[in-house]
Amino acid sequence: MSNVVGRIRGAFRGDQRVDPDVLLARLDAVRRFLAAADGHLPDSRLVSAHTLVERAGTRLALSRDHTVVALAGATGSGKSSLFNGLARLDLSPVGVRRPTTGVAHACVWGAQEGAARLLDWIGVLPRHRFVRESALDADDEATLHGLVLLDLPDFDSVQWSHRLEVDRLLGLVDLVVWVVDPQKYADRVIHTNYLGEFHRHRDVTLVVLNQADRLSPAELPRVLADLRRLLDADGLEGVPLLATTATDPGGIVELRAALERTVTERQAALRRLAGDVDTVVAGLDELVGSDRPTTGPDEATKSELTRALAGTAGVPAVTEAVQQAYRHRAAASTGWPLVRGWRRLRPDPMRRLHLPGAPGEATDPAESLVAATSVPDPTAAQRSALGLAIRTVADRAAAELPAGWPDAVADAARSRLTDLPDALDRVVAATDLGMARRPLWWRLVGAGQWLVTLAALGGLGWLVLGYVLRALGLPDPEHPMVGVVPVPTLLLLGGLLAGLLLAALTRPVVRWGAVRARRRADQRLTAAVAAVGDEYVLAPVRDVLANYAVARDALRDATRR
C-alpha cells in the first residue's frame, strides 16, 4: 500500500498547499474588480466573475471538513460500478439500459450535518443520498471520513437535461474523477468539451481508465500511454492516470488511496476555487492593459471642449451684448443730459437676452428671478461641433485602454449630454458679467456734463432775459464781459463746446471700456462653461478611468498566488 500511496503522491500536482488567506485575498480582489467594472463593461463579460464570487463565498461558508468528489464519464464507462465499488454497496443503479444514471447520487462518509448542507447547495435530492457507515464497519471506512462522493449523469446522454445537470454539477464539486473506458477513451466530446476545459484545474482532476480488465496485459500499457498523450494535448500534463476494474475490489485500490489522500489533506475545495480564480482571471485579462492610463484628457482637448460648449451656450452673443450694453449705458451716463432720455428709450442689449446685470435687475445674479436667458439656440453647426468635441474627449481619454473600456468612456462622456443645454443656460444666467455697477468715471463725466450743460442753460437764460427786457422796453442790465465776449454768450457757447469736447474725449474711452468689459465677460463665461464641461463631461470620464485603474490593480492582485 505504501508504494501505491507514494505513486499517487508523486502523480498529483497538488502537493503545494493553497493558503486560505491568500485565496480569500484573491477572491476579494475579484470582488474589487467587479465593483469597479460593473456598469462599465458588458454584463456578459462579467458573468463568470460574478458566478465565481457567489459560488466561492457559499462553498467556503459551508463545511470545510468535507470534500465533494464527482465521478464523471460517458455512457457505459462504468461510473456507477465504480461508485458502488468504492462504497462497497449497491447504491447507484447499474444496467445495460442507457442512460442508466439520470440524476446524481451521493454517498457520504463521516459526519452528516455539514454534508447535508453541502448537498442541499449542490442540489442532490435527499432520496438520492446515502450514508456509507454503520456499526458493522468499525473503523474500516475511517480513512474516507469527510468524503462526499457523487455519481453524475452521463455527459453524453441522449437526454439534454442530463448534460445540463452534469455541466452544473461540474462547476460545484471540489474534485473530478473522469472515468473513461477502453472503447471511448479517445472520444472527441470528452476531450474537447470537458477535459480540455479543465486544464486550469489540474490540481483537482484525476483520470481513470476503467474496465481495464477487458485489455490484455500487453494492450493496457499501450492504451494508457495513448491516453496520457491525449491528456497532455488537453493541457493536463501530470494529472494522475489510473487503471481501474470495478468488478475486482483490488482493481480500485489506487483510486481509493487517491481519494483517501485527498480527504485527509482537506485541500481539494481550496485548490478547486484557486483553479476557478485562475480561469476567471485568465478570461478577464484582456479587459485590462499593462500600463496605467492617463487620468483624463489633456489641456488641448479640454480647451476644444470648452470652446464647443461656449459656442453652444451662446457666449459670443452674450459677450457682444455686454459690449453693446457697456456702450449703451456709458452713453446714457456720460452723454449730454438733454439727449440721455433718448438713449434710455432704446432697449438695453442685455435686457433683451435676460442677462444678469441688466438695469433694474438684482445686483447679485444668484438672487435674480430670471430662470433662463433668451440667448439664441445653438445652430446645427454648433451642436455638431459640441458632439465632435465630446467624441474627441472620449477618444483621447480611451486611447490607451483595452477593448471594452473605450465604449464605457464614450458612454460616460455622453451620459449627461441631454442635461447640458439647461446647465449651460443656468450658468450663463448665474455668471456675474461685471455690469451690475456703473464705473466711477461715468459718474464724474456725467457730473461734468451736467455742469457744462447748466452753464450753457444759464448763459442761454441770461441772454433770453435780456431780450425779454429789451422787448418790454425795460432797461437792459449791462452784461459783464470777458474780453470782448459777454459772459452770457461765453457761458452758452462755452457750455456747448465743452459738452461736445467732453463727449468727443469720452467716446474712445467708452470704446476701450466696452472691449475690456467684453473680454472680462468672456473670461468669466468661459470659466463658468469650463466648469460645466468638467462636471458634465470630464468628471464622468475621469470616473471611468479611475474605475479602470482600480479594476486593473485588482485583477493584478487576483493573479498573485
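These numbers come from the heavy atoms of this one structure, side chains and all, not from hydrogens, waters or symmetry mates.
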Backbone of [Y] reached by a side-chain donor or acceptor of [X] within 3.5 Å:
X: T392; Y: L388; result: yes
X: R383; Y: P378; result: yes
X: Q382; Y: T379; result: yes
X: R202; Y: G235; result: yes
X: R272; Y: V173; result: yes
X: N547; Y: D543; result: yes
X: R329; Y: M435; result: yes
X: R55; Y: G171; result: yes
X: S415; Y: A412; result: yes
X: S63; Y: D65; result: yes

Which atom of [X] lies closest to which atom of [Y], heavy atoms considered:
X: R524; Y: G434; answer: NH1-N, 3.2 Å
X: F198; Y: L236; answer: O-CD2, 3.4 Å
X: I390; Y: L305; answer: CG1-CD1, 4.0 Å
X: A558; Y: A29; answer: N-CB, 3.6 Å
X: L34; Y: A49; answer: CD2-CB, 3.5 Å
X: P402; Y: L287; answer: CG-O, 3.2 Å

For this session: May I have the step-by-step check of side chain to side chain donor-acceptor pair (under 3.5 Å) for D234 and H199, ending in yes or no?
Result: CA-CA 7 Å; D234 294 331; H199 64 280; over 6 Å; no
Salt bridge flag under 4.0 Å for residues [X] and [Y]:
X: D522; Y: R518; answer: no
X: D557; Y: R32; answer: yes
X: R45; Y: E286; answer: yes
X: R59; Y: D174; answer: yes
X: D432; Y: R520; answer: no

4.5 Å side-chain heavy-atom contact, [X] and [Y]:
X: R168; Y: L172; value: yes
X: T506; Y: W441; value: yes
X: V68; Y: L175; value: no
X: L420; Y: V537; value: yes
X: I122; Y: L169; value: yes
X: R516; Y: W512; value: yes
X: P421; Y: T312; value: no
X: V318; Y: T431; value: no

For this session: Look at atom CZ of R519 and say whether more than 12 heavy atoms of other residues, nucleotides or ligands are closer to it than 6.0 Å.
Result: no
For this session: Apply side-chain contact (heavy atoms from CB on, under 4.5 Å) to D395 and V409, showing your working.
Result: CA-CA 8 Å; D395 291 343; V409 172; over 6 Å; no
For this session: Run through L23, D203, L273 and flag the one making a side chain to side chain contact (heavy atoms under 4.5 Å, CB included) with V18.
Result: L23
At what distance, to the nearest 0.5 angstrom, does [atom1] of [X] lie from [atom2] of [Y]?
X: E197; Y: N193; atom1: CD; atom2: CG; result: 7.5 Å
X: D298; Y: K302; atom1: CG; atom2: NZ; result: 8.5 Å
X: Q523; Y: L433; atom1: CD; atom2: CG; result: 12.5 Å
X: H66; Y: L119; atom1: NE2; atom2: CG; result: 8.5 Å
X: L46; Y: L284; atom1: CG; atom2: CG; result: 7.0 Å
X: L170; Y: E165; atom1: CG; atom2: CD; result: 10.0 Å

Problem set entry | Working for side-chain contact (heavy atoms from CB on, under 4.5 Å), residues R416 and E535 | CA-CA 9 Å; R416 306 188 68 181; E535 177 182 357; 3.9 Å; yes
For this session: Verify side-chain contact (heavy atoms from CB on, under 4.5 Å) between D28 and L24, making sure each step is shown before the conclusion.
Result: CA-CA 6 Å; D28 181 68; L24 290 174; over 6 Å; no
Exercise. Using the ring of each side chain (for Trp, its six-membered ring), is Y548 parallel, tilted or perpendicular to W405, with breaks at 30° and 60°?
Worked result: perpendicular
Exercise. Do the ring planes of Y194 and F155 sit parallel (below 30°), tilted (30 to 60°) or perpendicular (above 60°)?
Worked result: tilted
Exercise. Can you list the steps and then say if R542 with D534 is a salt bridge (Lys or Arg N to Asp or Glu O under 4.0 Å)?
Worked result: CA-CA 10 Å; R542 286 196 298 268; D534 185 83; 2.9 Å; yes
For this session: Check the pair H50, D38 against side chain to side chain donor-acceptor pair (under 3.5 Å), reporting the backbone distance first and the verdict last.
Result: CA-CA 10 Å; H50 280 291; D38 272 334; 3.0 Å; yes
Problem set entry | Check against side-chain contact (heavy atoms from CB on, under 4.5 Å), L60 and L27 | CA-CA 11 Å; L60 293 175; L27 290 170; 3.8 Å; yes
Exercise. Do you see a donor-acceptor pair shorter than 3.5 Å between the side chains of D278 and H201?
Worked result: no
Exercise. Strictly by modelled atom types, are R396 and T301 linked by a side-chain donor-acceptor pair under 3.5 Å?
Worked result: yes
For this session: Take Y326 and W442 through the ring-ring contact (aromatic ring centres under 6.0 Å, His included) test and state the conclusion after the steps.
Result: CA-CA 11 Å; Y326 186 96; W442 285 10; 5.1 Å; yes
